[in-house]
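One structure is given here, and the rest of the page talks about it.
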Amino acid sequence: MGDTGANLNLLPREVLPGVLVCPNAEELARAAARRFVDWAWQSIARDGQFHVALSGGSTPQALYRVLASQEFRGQIDWPRLHLFWGDERAVPPDDPESNYGNARRELLVRVPIPGANVHRMEAEDPNLGRAAHHYEELLRRYLSLDDRGFPVFHLVLLGMGPDGHTASLFPGSRLLRETSRWVSTPNVAKLGKRRMTLTLPVLDAARRVVFLVAGSEKAATLREVLLGHPEPPLPAQMVQPRNGERIFLVDEAAAALLGAAAPSAAAAQPPAKPKGRT
Ligand code: 6PG
């Protein structure tokens, strides 16, 4: 599928290696949906299944609606998909804050995915450490492991906060130096809330990581993440798939500060990895 059949005027344009700019948030969702369909078929053809970690926050919800639409839902072999989450808030699944709850409302109740293929993070569990352990066991049951023993997702969807956080990996968190655990339960000081999140080594083990970033409030951070070398690096910058692809699908508003300063493809080298991470 790719962008075949899409309105040529609305196609994403690549401004930096792996950075695709879409005219607006709606076209961002459609460009992401077209690629989701392709990646699903590729993974199912190769491995028989498609293992995806969904993102939380508001930006991916448009994608979930498009995937559930008449136009797209028939193009996906839902019984071969297994859906997981990159992070979750410590709230019940019916709470408006719940990442699972939002995906359920926008996608899961509208597509024929078997309930047994939906693996939410039970972050409402008062014993969050136990829930994180259970989630690690779940990943071990369904996902293959890479050469370092980390679970391999076919696709991880991520967002980015204006502070450069992604999933529930926030700037300054000790979690950014995690090298062994798969799932963690940070107490996010700036929010005063607990979260459950996949760790960097798991994000870096993915076959493909796709950041969905929209809105002018993200422009300065996106420029820093893609063109800057802040010390310490921002969490969204630290996601560097070892044997996989990293893609930023963004809208014009978020890319507003990339244009002029976007160096030639060759010069746009990813920022240095933080010390100790190879
Ligand atoms: C979460 C997310 C978080 C999100 C960013 C961007 O649970 O909140 O996983 O990392 O992706 O905060 O959120 P928006 O898409 O709402 O801007």
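First listed ligand is number 1; within each ligand, the first listed atom is number 1.
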Requested in this report: For the pair Glu252 and Arg13, find out whether any cationic side-chain nitrogen is under 4.0 Å from an anionic carboxylate oxygen.
Outcome: yes
Query raised in the report: With a cut-off of 4.0 Å, which atoms of ligand 1 are near a heavy atom of Lys218?
Result: 14 (P), 17 (O)
List, one per line, each side-chain donor-acceptor pair under 3.5 Å for residues 212-221, sequence neighbours excluded.
{"from": "Lys218", "atom 1": "NZ", "to": "Met160", "atom 2": "O", "distance (Å)": "2.9"}
{"from": "Thr221", "atom 1": "OG1", "to": "Pro162", "atom 2": "O", "distance (Å)": "2.5"}

Query raised in the report: Salt bridge or not for Asp47 and Arg207, using N-O below 4.0 Å?
Result: yes
Query raised in the report: In terms of residue, atom name and distance, what is the protein heavy atom nearest to atom 9 (O) of ligand 1?
Result: Asp87 OD1, 2.6 Å
**Report entry** Residues Thr197 and Asp87: side-chain donor-acceptor under 3.5 angstrom
**Finding:** no
Query raised in the report: Are any of the side-chain nitrogens in Glu178 or Arg181 under 4.0 Å away from the carboxylate oxygens of its partner?
Result: yes
Query raised in the report: Among protein heavy atoms, which lies nearest atom 13 (O) of ligand 1, and at what distance?
Result: Gly57 CA, 3.9 Å
Query raised in the report: In chain order, what residues pass the salt bridge (charged side-chain N to carboxylate O under 4.0 Å, His left out) check against Glu97, with sequence neighbours excluded?
Result: Arg89
Report summary line: Counting from 1 in the order shown, the ligand 1 atoms closer than 4.0 Å to a non-hydrogen atom of Arg195 are 1 (C), 7 (O), 8 (O)
Query - Those atoms of ligand 1 less than 4.0 Å from some heavy atom in Gly159 - result: 11 (O)
**Report entry** Close-contact set for ligand 1 against Thr59 heavy atoms, below 4.0 Å
**Finding:** 14 (P), 15 (O), 17 (O)
Query raised in the report: Is any N or O atom of Ala167, backbone or side chain, closer than 3.5 Å to an N or O atom of ligand 1?
Result: yes
Query raised in the report: Is Asp94 salt-bridged to Arg104, cutoff N-O under 4.0 Å?
Result: no
Query raised in the report: Same cluster for Leu10 and Ile247 if Ile/Leu/Val/Met/Phe/Trp/Tyr side chains link at under 4.5 Å?
Result: no
**Report entry** Check: His165 N/O within less than 3.5 Å of ligand 1 N/O
**Finding:** yes
Report summary line: At under 4.0 Å between heavy atoms, what of Thr166 touches ligand 1? The answer is backbone
**Report entry** Sub-4.0 Å atoms of ligand 1 with respect to non-hydrogen atoms of Ser55
**Finding:** 11 (O)
Requested in this report: May I ask you to check whether Arg89 has an N/O atom sitting below 3.5 Å from an N/O atom of ligand 1?
Outcome: yes
Report task. Could you list which atoms of ligand 1 come closer than 4.0 Å to a heavy atom of Met160? Result -> 6 (C)
